[in-house]
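Written out below as structure tokens is the structure these notes cover.
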Amino acid sequence: MKVLVTGCTGYVGSHLCKKLKEHGHEVHGFDVNFHGEHNDVSFIDKFWIQDLNDRYLHGWGDAVVHLAGRSVVPQSLKEPSNYYRVNTMGTKNAVEKLRTDNFIFASTSSAFEMRSPYARSKVGAEDIIKEKADGYTIFRFFNVSGTDGIHRQLGTPSHLIRMAAMAAAGNIPDIKVFGNDYDTRDGTCIRDYIHVCDISDAIIRAVEKGPANTDYECLGSNTGYSVFDVLKTMENVSNTNIKKILAPRREGDAHSCIVENLSEFCDLKYTLEDMCYDQYKMQLNLN
Ligand code: UDP
């Protein structure tokens with residue numbers, strides 16, 4: 001099949017493209033590389049640089065996997081219009097200009113709470129896809145982590161497992177725990193983590209099966225881990241002690257976010273230990 005991937009040099013995009021090629025698909029993709037850095041996708045069949053909002057955007061695929069977007073909650077509180085421009089208007093442009101019978105979209109678990117412009121920008125995009133796409137598969141990703149050992153998360157670090165890996169590898173001195181007074185079992189926020197390779201496999205199942213045309217498909221693990229659980233796991237797999245500093249709650253954070261209805265596209269191979277270990281090894285290699 002011919003698959004067109006937006007945001008193909010990003011974290012999920014680069015992992016997905018590699019697996020799509022392993023599955024024998026023809027892969028085309030573009031990116032604007034707004035992080036100022038990118039993952040190597042020179043193995044794909046066609047790559048070009050393009051802004052999602054470009055009025056001359058065009059292309060087609062048996063499936064279009066739309067991953068390009070912004071995804072950092074605190075940043076979205078500071079610059080909401082950027083999030084609506086890229087995530088909502090960019091998706092409108094993509095769904096209008098890229099032809100396909102299966103428009104596959106990376107949405108987010110934070111859409112359930114809509115506590116940030118990031119979450120709201122993705123829900124707006126979901127609505128536009130449902131109105132305009134011929135066929136679609138909307139994935140709500142829970143907290144994506146891990147690496148294939150080659151490709152990695154880009155941009156300024158902010159996500160918990162990446163920060164924990166940096167602390168374990170000695171690349172930062174400590175880690176702030178944003179709030180320990182939530183109504184959860186240890187007072188810290190609970191999240192549902194899923195490995196980027198499991199996410200990629202689920203997307204490939206959607207590419208090969210055709211559009212789901214459901215409201216959304218949840219990609220997570222159905223297991224909740226607190227911030228302290230994650231830090232403990234990172235300490236175990238890295239055999240280190242991470243210095244933790246208690247800090248105030250982070251604006252926009254939901255106290256708990258766990259998959260209720262796991263998508264049938266999910267067939268998990270990886271654990272939280274795998275995600276922590278992969279990211280720790282990646283940080284050691286960056287030293
Ligand atoms: N978190 C933390 N310290 C950090 C980064 C994150 O305590 O340095 C917490 C954050 O407040 C949230 C959880 O870890 O409760 C997951 O945050 P992350 O940014 O990884 O993902 P999000 O769920 O916000 O998309």
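First listed ligand is number 1; within each ligand, the first listed atom is number 1.
Contacts between H159 and ligand 1 below 4.0 angstrom, taking non-hydrogen atoms only, involve backbone and side chain alike. Both the backbone and the side chain of L160 come within contact range of ligand 1, each with a heavy atom under 4.0 Å. By the criterion of a heavy-atom distance under 4.0 Å, neither the backbone nor the side chain of T188 is placed next to ligand 1. Looking at S158 against ligand 1, only its backbone comes within 4.0 Å, counting heavy atoms.
Take T184 and apply the side-chain hydrogen bond (donor to acceptor under 3.5 Å, both in side chains) test, not counting sequence neighbours, and it matches no residue.
The pair K281-D278 does not count as a salt bridge, with every side-chain nitrogen at least 4.0 angstrom from each carboxylate oxygen.
Considering only non-hydrogen atoms, atom 16 (C) of ligand 1 lies nearest to R191 out of R191, E251, M163. Across R162, M166, K176, heavy-atom proximity to atom 8 (O) of ligand 1 is greatest for K176.
The atoms of ligand 1 that sit less than 4.0 Å from any heavy atom of C189 are 15 (O).
With ring centers used as reference points, F112 lies under 6.0 Å from Y216. The aromatic ring centres of H66 and F103 sit less than 6.0 Å apart.
K18 forms no cation-pi arrangement with F43, by the criterion of a distance under 6.0 Å to the ring centre and an angle within 45° of the ring axis.
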